[in-house]
There are 2 protein chains.
Amino acid sequence: MLKEPTIATPQECADCPIRHRAVCARCEPQELGLLEEIKYYRKFEAGQTVIWAGDRMDFVGSVVTGIASLTQTMEDGRTQMVGLLLPSDFVGRPGRDGAAYDVVATTDLVMCCFRKKPFEHMMENTPHIAHRLLEMTLDELDAAREWMLVLGRKTAREKIASLLSIIARRDATLRQVGMTGTLVFDLPLTREAMADYLGLTLETVSRQISALKRDGVIELEGKRHVTVPDFVRLMEEAGDDSDGGMLA
Amino acid sequence: MLKEPTIATPQECADCPIRHRAVCARCEPQELGLLEEIKYYRKFEAGQTVIWAGDRMDFVGSVVTGIASLTQTMEDGRTQMVGLLLPSDFVGRPGRDGAAYDVVATTDLVMCCFRKKPFEHMMENTPHIAHRLLEMTLDELDAAREWMLVLGRKTAREKIASLLSIIARRDATLRQVGMTGTLVFDLPLTREAMADYLGLTLETVSRQISALKRDGVIELEGKRHVTVPDFVRLMEEAGDDSDGGMLA
DNA sequence: GTTCGCGCTTGATCTAAGTCAAAGATATGA
DNA sequence: TCATATCTTTGACTTAGATCAAGCGCGAAC
C-alpha cells in the first residue's frame, strides 16, 4: 500500500536547513566537508510513514520541504499528534536508538538525513552543533508547553483558532499580509489530522471551522485555502494575549 | 502575604544535582572551582512564587529538594501546569532573558542557582555542560509530549491514574516496592494542583480519586498518603501499554 | 474547648463535545 | 461519462465532565 521512500538528489537540498540553520550556522568550511560525507536525502509522499514508534532509528535529520507529524497512538486506536515538523525542524535524538513516536509525512516531504553514529561523533567535536541543537530543542519544548495549554484548557473554538494562527504564523506565504492584517494560507492538514493535533473529533473540527466562517473570522475557498481578514481578531478567538503568543 | 525567599547555606546542597548530575558529571576539579564562585542557594516555602512569567530572569538553576511547578495562565484565569520540577530538574533557559512561565514552589523548596551570564560563559568553554543540558532538555521534551497524549486523549480516570503512576515512578520512596508490586508514596500536590496539571476541575479529580479507591486500585490514608497494591493494575487504568510508558 | 479557614468530598444539574448516521463535494480511474 | 473513494459537512441524540452548591474533617489560633 505504501511506497518505499525514494532517495532524493543533493540538488533538491541546495538550501538544506541542517547545513545552514541547525548545525552549521557558525561552522568552518572544513566541517562542512565532513558533513557532506554522512548526509543523504529522502523523499516521501503524503501519507507515507517515515518511521514507526519503537523502530530502530539509525539516522537523525531535518525537514527540507513539506510537513511531517509526530504522533502517539494508544492500543485502542486513540491518537494524539505531539508535534508538527515544518521545514528546518529536527527529527531524532542523539543518544537514543529507538524512535519514540510515529513520524508520518503529512504532505509530500523531503528530509535531509545524517547517519547517526558519525553525526554523534561530529557533535562531540563541534561545540556549536550541540549549542544549536540545544537551542532548537528548547524552542520545541516551549512549543510543546504552549500546546499543553491548548489541549488542557481551551474550548474547541479556541483550539481551532490557535491552530490556524500557529500555521499562519509559521507559513511563509503569510508575507502576503500587507498593512491590513489580512493573511492568506493553505491548510496543510486534513480535518482528521487537525482533530488529532487538537484532541478533538473531526466532526467538531468541521463544525467549529464552519462557525468561524459564519462569524467572519475566516474565509474559505475550497476546503483548504484560508483567508484571515483580521489576524488580531483570530488571536482573540484563540484566547491568546495580545502579544500573539510570541515569547519574549 | 508571601515571604521573600531566604538564601540557603551551601551545606544544604551537599549533593547539589547541578554539580553532580546536570553539569559536572564529567567535569575536571578546576571547573568545579569556577562553579563555586557563581552559584548560590535559595529556599522557598510551599506556595511561594519563584518567578513570574515575563519577569527578567538572571539565573538558571535546578531543584535540590522539594517540588516546583511551571504554570501558564490565561487572562480569564484558566491555568495549565506545563511541567513538574522534581529534584535535579533544571529551570531556566540559557540565552533568554524573560521567564516564559510562572514557577511556583509546590512544596517547601531548595534551589541551586547560577548567575546566568557566568553560567553561559562557562557553557561556551565546557562542552560537556551543553551536552548534558541537551540530554536533559530532550528528556523534558519527551515528558511534555507524553503529557500531550494525556491531556488530549485520556479520560478523567485515565488522567488521574497517569499522574499517580508518574509520581510513583519518580518518587524515591517507591523503593518500598518489594516483590509484590505494592507501592507507597505521598502526593505532593493538592487536588487543585492535580486538576491544573490534568486539565480537569478539582471536583472531577476528587470524584475520580474516590472512584479509584472504591474500585481498589489505590488505598488512601488521609488525603495524601497513597498505597498502590498493584502497580500493573494502575498502569492499565492509565491506558499505558505494558512497558509503563518507559521509553526505549 | 471553640471557632475559623482551608482543602476536600459529594450531590444535583447543565452543557460542550462526542457519537452515530446520512448525505454533499471533489477527485481518480475505468 | 459514470463509478468509486476520500474528505467533509450537517443533523439528532448521548454523555463525560463542568458548574453550582452544600457540607465534612482537621489543624491552627484564640
Side-chain angles (χ1 to χ4, degrees), chain A residues 1-2 45-48 74 76-80 106-108 150-164 186-215 218-226 237 239, chain B residues 1-2 45-47 74 76-80 106-107 150-164 186-215 218-226 237 239:
Chain A
M1 180 182 171
L2 292 176
E45 291 178 12
Q48 277 185 294
M74 296 171 68
D76 62 7
R78 283 177 281 177
T79 84
Q80 176 66 49
T106 292
T107 62
D108 288 350
V150 172
L151 289 172
R153 291 302 184 193
K154 290 194 178 180
T155 65
R157 169 183 267 240
E158 289 169 336
K159 285 178 174 181
I160 298 289
S162 298
L163 179 57
L164 292 177
D186 282 300
L187 275 177
L189 301 174
T190 65
R191 299 289 186 264
E192 186 178 27
M194 294 176 70
D196 284 344
Y197 201 26
L198 294 167
L200 297 171
T201 59
L202 67 93
E203 293 95 329
T204 297
V205 170
S206 181
R207 275 187 250 273
Q208 294 300 332
I209 287 179
S210 299
L212 288 174
K213 189 170 75 175
R214 175 169 37 70
D215 299 343
I218 59 173
E219 290 152 25
L220 277 185
E221 198 174 324
K223 312 291 184 192
R224 300 295 192 88
H225 193 74
V226 181
E237 292 286 354
Chain B
M1 181 185 175
L2 292 177
E45 291 178 13
M74 296 171 68
D76 62 7
R78 282 177 281 176
T79 83
Q80 176 65 50
T106 293
T107 63
V150 172
L151 290 173
R153 292 301 185 194
K154 291 193 178 179
T155 64
R157 169 183 267 240
E158 288 169 336
K159 284 178 173 180
I160 298 290
S162 298
L163 180 57
L164 292 176
D186 282 301
L187 274 177
L189 300 174
T190 65
R191 299 290 186 263
E192 185 179 27
M194 294 176 71
D196 284 343
Y197 202 25
L198 295 167
L200 298 171
T201 60
L202 68 92
E203 293 95 329
T204 298
V205 170
S206 181
R207 274 186 251 273
Q208 295 300 333
I209 288 179
S210 298
L212 288 174
K213 189 170 74 175
R214 176 169 35 70
D215 298 343
I218 59 173
E219 289 152 26
L220 278 185
E221 197 176 325
K223 312 293 183 189
R224 300 295 193 88
H225 194 73
V226 181
E237 292 286 354

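Just so we're on the same page: letters track the sequence lines, and every chain starts at 1.
Residues that satisfy the salt bridge (Lys or Arg N to Asp or Glu O under 4.0 Å) test with Glu158(B), not counting sequence neighbours, are Arg78(A). Every residue two or more places apart in sequence or in another chain that forms a side-chain hydrogen bond (donor to acceptor under 3.5 Å, both in side chains) with Glu237(B) is listed here: Arg157(B), Arg233(B). Contacts of Thr79(B) classified as side-chain hydrogen bond (donor to acceptor under 3.5 Å, both in side chains), with partners at least two apart in sequence or in another chain: Asp196(B). Arg207(B) is linked by a salt bridge (Lys or Arg N to Asp or Glu O under 4.0 Å) to nothing, counting only residues two or more places apart in sequence or in another chain. Every residue was checked against the side-chain hydrogen bond (donor to acceptor under 3.5 Å, both in side chains) condition with Ser206(B), not counting sequence neighbours, and none meets it. Partners of Thr204(A) according to the side chain to side chain contact (heavy atoms under 4.5 Å, CB included) rule, which considers only residues two or more places apart in sequence or in another chain, are Ala156(A), Leu200(A), Thr201(A), Gln208(A). Applying the salt bridge (Lys or Arg N to Asp or Glu O under 4.0 Å) test to Asp108(A) and every residue at least two apart in sequence or in another chain returns nothing. Among residues two or more places apart in sequence or in another chain, the side chain to side chain contact (heavy atoms under 4.5 Å, CB included) test is passed with Lys223(B) by Arg191(B).
Among the heavy atoms of the strands lying under 4.0 Å from Arg224(A) are primed sugar atoms or P, OP1, OP2 only; no base atom is included.
For the atom pair Leu151(B) CG and Tyr197(B) OH, the distance stands at 8.5 Å (nearest 0.5 Å). Distance check, rounded to the nearest 0.5 Å: CG of Leu187(A) to CG of Leu163(A) gives 7.5 Å. In this structure, CD1 on Ile218(A) lies 6.0 Å from CD1 on Ile209(A), to the nearest 0.5 angstrom.
DNA chain D is contacted by Gly199(B), Leu200(B), Thr201(B), Glu203(B), Thr204(B), Arg207(B) of residues 199-208 of chain B, taking any non-hydrogen atom closer than 4.0 Å.
Side-chain contact between Val226(A) and Asp186(A) is absent, with no heavy-atom pair separated by less than 4.5 Å.
In terms of heavy atoms, Met194(A) sits closest to Leu189(A) at CG-CB, 3.8 Å.
Protein chain A contacts DNA chain D from dT8(D) to dA12(D), reading 5' to 3' and using non-hydrogen atoms of the protein with a distance under 4.0 Å. In the 5' to 3' direction, nucleotides of DNA chain C lying under 4.0 Å from heavy atoms of chain B begin and end at dC8(C) to dA12(C).
Of the two residues contacting DNA chain D, namely Arg153(A) and Gly222(A), the nearest-nucleotide position lying further toward the 5' end is that of Gly222(A).
For the helix from dG1(C)-dC30(D) to dA30(C)-dT1(D), the terminal axes (five pairs an end, C1' atoms, rotation from four pairs onto the next four) enclose an angle of 30°, given to 10 degrees.
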